[in-house]
Amino acid sequence: MTVTRNLFVRARVADWEKHYIDSKAKEAGISESEFVRRAAMDKDVTVLPGVDELVRELRYQGNNLNQLTVMARQGRIRLVDLRPFLEVYQRTWQALNSLLSRVG
């Protein structure tokens, strides 16, 4: 069994460096701590504008699908037209592929 402990690291940076790190973290949509950890571990921090909207739409559709599944199990519905779901998933997939192709 692995025991994980949280350790704290302090670093001294100039004001302009702090503001730069803060702006880069905000741009990436992550906390300053997460940004610094990724940078320190030589991990890429990639910002994909528009991905938040895609994730939100997928959550909405997942919620709708879960509600339909519950109603089907309860016997409240029998048939569902899944074409609207498929259309949303296709558009989302195309948008995601477009975003990823810009990254590399």
Side-chain angles (χ1 to χ4, degrees):
M1 183 168 130
T2 304
V3 176
T4 303
R5 294 183 348 186
N6 290 327
L7 302 175
F8 296 95
V9 176
R10 291 184 184 195
R12 293 178 193 261
V13 296
D15 277 345
W16 71 269
E17 291 171 318
K18 170 76 168 104
H19 292 296
Y20 182 78
I21 291 169
D22 184 46
S23 69
K24 291 301 237 178
K26 283 181 182 173
E27 181 182 320
I30 57 178
S31 69
E32 285 181 38
S33 295
E34 180 66 20
F35 181 82
V36 171
R37 277 194 301 276
R38 288 184 189 183
M41 303 299 280
D42 290 328
K43 294 182 180 179
D44 290 333
V45 177
T46 304
V47 177
L48 295 174
V51 80
D52 290 341
E53 292 83 16
L54 290 175
V55 169
R56 191 176 309 114
E57 182 61 35
L58 285 174
R59 282 189 186 129
Y60 292 152
Q61 294 306 317
N63 186 42
N64 291 342
L65 197 53
N66 286 339
Q67 289 175 355
L68 288 171
T69 302
V70 168
M71 289 191 297
R73 286 185 180 156
Q74 292 172 343
R76 294 170 52 194
I77 59 172
R78 290 182 182 257
L79 295 174
V80 175
D81 182 7
L82 293 178
R83 284 179 287 194
F85 285 97
L86 293 174
E87 290 171 8
V88 168
Y89 289 134
Q90 283 178 328
R91 285 194 313 269
T92 304
W93 180 254
Q94 290 168 349
L96 187 56
N97 278 334
S98 175
L99 287 172
L100 291 174
S101 69
R102 293 182 208 162
V103 173

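- Residues Val80 and Met71 are members of one and the same hydrophobic cluster, defined by side-chain heavy-atom contacts under 4.5 angstrom among Ile, Leu, Val, Met, Phe, Trp and Tyr.
- In this structure, the separation between CG on Leu54 and CG on Leu58 is 6.5 Å, given to the nearest 0.5 Å.
- Screening residues 32-41 for salt bridge (Lys or Arg N to Asp or Glu O under 4.0 Å) gives Lys18-Glu32, Glu34-Arg37, Glu34-Arg38 as the qualifying pairs, with residues at least two apart or on separate chains.
- Separation of atoms CG (Leu68) and CG (Asp81) is listed at 10.5 Å; rounding is to 0.5 Å.
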Under 3.5 Å donor-acceptor pairs involving side-chain atoms of residues 84-97, not counting sequence neighbours:
unit_1	atom_1	unit_2	atom_2	d
Thr92	OG1	Val88	O	2.7

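- Checked options Arg78, Arg73, Gln74; the residue passing with Arg76 is Gln74 (criterion: side chain to side chain contact (heavy atoms under 4.5 Å, CB included)).
- Atom CD in Gln67 sits 10.0 Å away from atom CG in Leu65 (nearest 0.5 Å).
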